[in-house]
Asker: 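First the structure, then my questions, so here it is.
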Amino acid sequence: MRAVNERSRDPVGFADVRAAAERLRDAAVRTPLLRSEDLDRRAGCRVVIKPEGLQRGGSFKFRGAYNRLVQLDEEQRRAGVVAFSSGNHAQGVAAAARDLGIRARIVMPADAPAIKLSNTKAMGAEVIEYDRYQESREAIARNLVERDGGVLVPSFDDPHIIAGQGTAGLELFEDVQEPVDAFLVCCGGGGLTAGCALAMEALSPSTDLYCVEPENYDDHSRSLVSGQRERADTSVPSICDALLTPSPGELTFAINRSRLSGGLIVSEEEVREAMRFAFRVLKIVLEPGGAVSLAALLAGKLPKAYQSVALLCSGANVDPEFFASVLCNES
C-alpha cells in the first residue's frame, strides 16, 4: 500500500485518480454524458447522466480492476488473481485479466444474474459458485489463495481499486459543460463513491455529493449519521444484487465520511420505475443497482432543490427475463 497522503492522511488521493486515468487511457471506454429534456422537466432541474453501463464489462468495475491488475509485477501475474463478486467486479476483473494475460478465479453467488455468470466465464475466468446465504465468499477466496496462490483483488476496499473507480468522476467533471450542484452515485461498498469524492473535491469542490443505496442496505447512509461503520442484514433479499455489501469498507468510509453531504435510500419499486424510465425515455438499459441514483432523483429524495444534478448510473448487466418483467410492470 502506498504512503498516506500528507494533507488528508487518506491512503489514496486525487493524484492516484489522475495516474489511474493515464493507465486506463487506451484500455477503458470514456463513457459519454447524456442529457434529456424530458428528464429535466420531470426533475425540475438540469440533469446530466454518466452511463457506466456502456463501459467494458457493462459497469464501472473495469476501471478499478484494470488499474489494480496492470500494476502487478511479473511474479504476481504468473500467480494469477482471485476475486469475489456478485457479478460486476467479476466481469471487470475477467476483462482486465484477459487483456493482460493473467489467470483469474472468481467466487460468485450461485444466484447471481445469469448474464453476469455467463459473461464472466465467456471472458475466460474460472468461476467458483457459492451460497451467499450460507457461505462466506471472503473465506472461500482466502482458501483459494492459501491453497493455490494468487493475488486477492478486493471489489472496493483497495487504494488502486478506489483510484480506478474515481476516473468515472474525473471524466464527468472534465466533460460537463456547466457547474454541477449535486452529484448522486450508486453505492455498495463505497469504492466508486470514494473515488468520485476525490475527483469532485479537486475539480468541483462546491458540489454536494450523495451516495444512493437500496432499502435495507443503507449501511453507508447510517454510517454517515453515526460516524462509524454500520452493518446491513445481508439475509434480506434485494433486486439490487450489485449493492448488497454488509458494511462500508474501512478505506472507503475513511474517505467518504468527511466528503459526502448525505445518503439517499430508494425502494425497490422506485428502482423499477427508474429502470422503466431509463429504457422508455432515455433509451438506455440499467440494472437495478445501476438505477438507484436515477431512482432517487425521480422519487424526489434530494433534501433540497438544486439547479443542476449529475447522476452516475453504474451498470447495465440485467437478465433479459427480469428486465422484461420490470418493463411490463410485473413484480
Asker: Please give me the minimum heavy-atom distance between Ala125 and Ala94, naming the atom from each residue.
Answerer: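 The pair with the smallest heavy-atom distance is CB-CB, 3.8 Å.
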Asker: Can you tell me if Asp16 uses its side chain to pair, donor with acceptor, with the backbone of His160 under 3.5 Å?
Answerer: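 Not a single qualifying donor-acceptor pair exists.
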Asker: Quick check: do Pro113 and Asn317 have side-chain heavy atoms less than 4.5 Å from each other?
Answerer: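 With C-beta onward as the side chain, the pair stays apart.
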Asker: Are Val145 and Ile128 in one and the same hydrophobic cluster, where Ile, Leu, Val, Met, Phe, Trp and Tyr link if side-chain heavy atoms are under 4.5 Å apart?
Answerer: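 Yes, one cluster joins them.
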Asker: Examine distances only and state if a side-chain atom of Gln91 and a backbone atom of Asn119 form a donor-acceptor pair shorter than 3.5 Å.
Answerer: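 No; judged by distance alone, with no hydrogens or angles, the pair does not exist.
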Asker: Just checking Phe173 against Phe183, ring centres under 6.0 Å apart?
Answerer: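 Ring-ring flag for Phe173/Phe183: true, centres closer than 6.0 Å.
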Asker: Using a 3.5 Å distance criterion without hydrogens, assess whether the side chain of His220 forms a donor-acceptor pair with backbone atoms of Gly263.
Answerer: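 The answer is no, because no donor-acceptor pair under 3.5 Å joins these two groups.
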Asker: Any side-chain heavy-atom pair from Leu251 and Asp158 closer than 4.5 angstrom?
Answerer: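 Of all side-chain heavy-atom pairs linking Asp158 with Leu251, none is under 4.5 Å.
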Asker: Do side-chain atoms of Arg259 reach the backbone of Ile255 as a donor and acceptor pair under 3.5 angstrom?
Answerer: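 Pair found, side chain donor or acceptor close to backbone of Ile255.
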Asker: Verify side chain to side chain contact (heavy atoms under 4.5 Å, CB included) between Asn88 and Glu287, making sure each step is shown before the conclusion.
Answerer: CA-CA 11 Å; Asn88 285 336; Glu287 65 181 278; 3.0 Å; yes
Asker: Heavy-atom distance under 4.5 Å between the side chains of Tyr210 and Leu302, does that happen here?
Answerer: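 Yes, their side chains come closer than 4.5 Å.
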Asker: Do Asp38 and Arg41 sit within salt-bridge range, that is, some charged N less than 4.0 Å from a carboxylate O?
Answerer: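 Looking at Asp38 and Arg41, the cut-off is met.
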Asker: What's the shortest heavy-atom distance between Pro288 and Val318, and which atoms?
Answerer: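 Reported closest heavy-atom pair: CD-CG2, 4.2 Å.
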Asker: Of Val285, Leu286, Ile115, which meets side-chain contact (heavy atoms from CB on, under 4.5 Å) against Phe323?
Answerer: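 Checked Val285, Leu286, Ile115 against Phe323; only one passes side-chain contact (heavy atoms from CB on, under 4.5 Å): Val285.
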Asker: May I ask whether Val326 and Val292 are part of the same hydrophobic cluster, defined by side-chain heavy atoms of I, L, V, M, F, W, Y residues being less than 4.5 angstrom apart, directly or through others?
Answerer: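 Same hydrophobic cluster.
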Asker: Does some side-chain heavy atom of Glu250 sit less than 4.5 Å from a side-chain heavy atom of Asp157?
Answerer: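 Yes - at least one pair of side-chain heavy atoms lies under 4.5 Å apart.
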Asker: Does Arg56 use its side chain to pair, donor to acceptor, with the backbone of Ala27 at less than 3.5 Å?
Answerer: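 Yes, the answer is positive, given that a donor and an acceptor are paired below the 3.5 Å cut-off.
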Asker: Check the hydrophobic clustering (I, L, V, M, F, W, Y; side-chain heavy atoms under 4.5 Å; chains of links allowed) and say if Val212 and Val47 are grouped together.
Answerer: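 In one cluster with Val212: Val47, yes.
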Asker: Specify the closest pair of heavy atoms between Gly80 and Ile102, including all atoms of both residues, with the distance to one decimal.
Answerer: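 Closest heavy-atom pair between Gly80 and Ile102: CA-CG2, 3.8 Å.
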Asker: Compare every heavy atom of Val93 with every heavy atom of Ala83, then report the nearest pair and how far apart it is.
Answerer: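 Scanning both residues completely, I find the closest heavy atoms to be CB-CG2, 4.1 Å.
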Asker: Do Glu273 and Arg276 sit within salt-bridge range, that is, some charged N less than 4.0 Å from a carboxylate O?
Answerer: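 Counted as a salt bridge, because a side-chain N and a carboxylate O are separated by less than 4.0 Å.
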Asker: Roughly how far apart are Ser293 OG and Glu213 CD, rounded to 0.5 Å?
Answerer: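 So the gap between those two atoms works out to 12.5 Å.
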Asker: Quick one: pull up OG1 in Thr193 and CZ in Phe253 and give me the separation to the nearest 0.5 Å.
Answerer: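 Between atom OG1 of Thr193 and atom CZ of Phe253 there are 12.0 Å.
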Asker: Just so I know, are the side chains of Ile162 and Phe156 near enough to count as touching, which here means a heavy-atom distance under 4.5 Å?
Answerer: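 Contact flag for Ile162/Phe156 side chains = no.
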Asker: Charged N to carboxylate O under 4.0 angstrom, Glu174 versus Arg18?
Answerer: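 Looking at Arg18 together with Glu174, the answer is yes, because their closest N to O distance falls below 4.0 Å.
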Asker: Consider only side-chain N and O atoms of Tyr217 and Asp233, and report whether a donor and an acceptor are under 3.5 Å apart.
Answerer: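 Checked: Tyr217/Asp233 side chains show no N/O donor-acceptor pair below 3.5 Å.
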Asker: Between Arg105 and Asp148, does any NZ, NE, NH1 or NH2 come within less than 4.0 Å of an OD or OE carboxylate oxygen?
Answerer: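 Answer for the salt bridge query: yes.
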Asker: Any salt bridge linking Glu129 with Lys116? Criterion: basic side-chain nitrogen under 4.0 Å from a carboxylate oxygen.
Answerer: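 Result for this pair is no, no salt bridge flagged.
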Asker: For Gly53, is there any backbone N or O sitting under 3.5 Å from a side-chain donor or acceptor partner on Ser59?
Answerer: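 Between the backbone of Gly53 and the side chain of Ser59 there is no qualifying donor-acceptor contact (under 3.5 Å).
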Asker: Does CD in Gln307 sit with more than 12 non-hydrogen atoms of other residues, nucleotides or ligands closer than 6.0 Å?
Answerer: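 Not more than 12 within 6.0 Å, no.
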Asker: Taking the side chain as C-beta and beyond, is there a heavy-atom pair between Ile106 and Glu126 under 4.5 Å?
Answerer: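 When only atoms from C-beta onward are counted, Glu126 and Ile106 do not touch, as no gap falls below 4.5 Å.
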Asker: Using the side-chain contact (heavy atoms from CB on, under 4.5 Å) criterion, which residues pair with Ser226? Sequence neighbours excluded.
Answerer: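 For Ser226 the side-chain contact (heavy atoms from CB on, under 4.5 Å) partners, ignoring immediate neighbours, are Gln228, Glu230.
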Asker: Answer whether the closest heavy-atom distance between the side chains of Lys50 and Glu171 falls below 4.5 Å.
Answerer: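 Yes; the side chains approach each other to less than 4.5 Å.
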Asker: Report yes or no: does Ser308 contribute a side-chain atom to a donor-acceptor pair with the main-chain N or O of Pro179 at less than 3.5 Å?
Answerer: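 Yes, because the side chain of Ser308 sits within donor-acceptor range (under 3.5 Å) of the backbone of Pro179.
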Asker: Can you find a heavy atom in the side chain of Phe60 that is under 4.5 Å from one in the side chain of Gln55?
Answerer: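 Side chain of Phe60 against side chain of Gln55, heavy atoms only: no contact under 4.5 Å found.
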Asker: Can a salt bridge be assigned to the pair Glu270 and Lys301 using a cut-off of 4.0 Å between side-chain N and carboxylate O?
Answerer: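 A salt bridge links Glu270 with Lys301.
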Asker: Between atom CG of Leu298 and atom CG of Leu39, what is the distance when rounded to the nearest 0.5 Å?
Answerer: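 Here the rounded value is 6.5 Å.
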Asker: Going by an N to O cut-off under 4.0 Å, is there a salt bridge joining Arg63 and Glu52?
Answerer: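 Yes, charged N to carboxylate O under 4.0 Å.
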Asker: Just how far is it from atom CG of Leu282 to atom CG of Leu294, taken to the nearest 0.5 Å?
Answerer: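 One finds 6.5 Å between CG of Leu282 and CG of Leu294.
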Asker: Under a 4.0 Å threshold between the charged nitrogen and the carboxylate oxygen, would Arg46 count as salt-bridged to Asp181?
Answerer: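 Result for this pair is no, no salt bridge flagged.
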Asker: Any side-chain to backbone donor/acceptor pair from Asp218 onto Glu215? Under 3.5 Å, distance only.
Answerer: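 Not confirmed, Asp218 side chain does not pair with Glu215 backbone.
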Asker: Whether the side chain of Lys61 engages the backbone of Ser314 through a donor-acceptor N/O pair (distance < 3.5 Å, no angle test) should be reported.
Answerer: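 No: the side chain of Lys61 does not pair with the backbone of Ser314.
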Asker: So, taking the atom named OG in Ser136 and the one named CZ in Arg142, what distance separates them when rounded to the nearest 0.5 Å?
Answerer: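 The CZ atom of Arg142 is 6.0 Å from OG of Ser136, to the nearest 0.5 Å.
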Asker: Can you tell me how far CD1 of Ile49 sits from CZ of Arg35, rounded to the nearest 0.5 angstrom?
Answerer: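 That separation rounds to 9.5 Å.
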Asker: Do any N or O atoms from the side chain of Gln76 and from the backbone of Leu72 form a donor-acceptor pair under 3.5 angstrom?
Answerer: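 Looks like no, no N/O pair under 3.5 Å.
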Asker: Side-chain donor-acceptor pair under 3.5 Å between Asn67 and Gln165, yes or no?
Answerer: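 The criterion, which ignores hydrogens and geometry beyond distance, is not satisfied for Gln165 and Asn67.
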Asker: Could you tell me which non-hydrogen atom of Ala168 sits nearest to which non-hydrogen atom of Leu192, and how far apart they are?
Answerer: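 Shortest heavy-atom separation between Ala168 and Leu192 comes out as CB-CD1, 4.4 Å.
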Asker: Among the clusters formed by ILVMFWY side chains lying less than 4.5 Å apart, do Ile140 and Val151 turn up in the same one?
Answerer: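 No, it is not one cluster - the side chains of Ile140 and Val151 are not joined through contacts under 4.5 Å.
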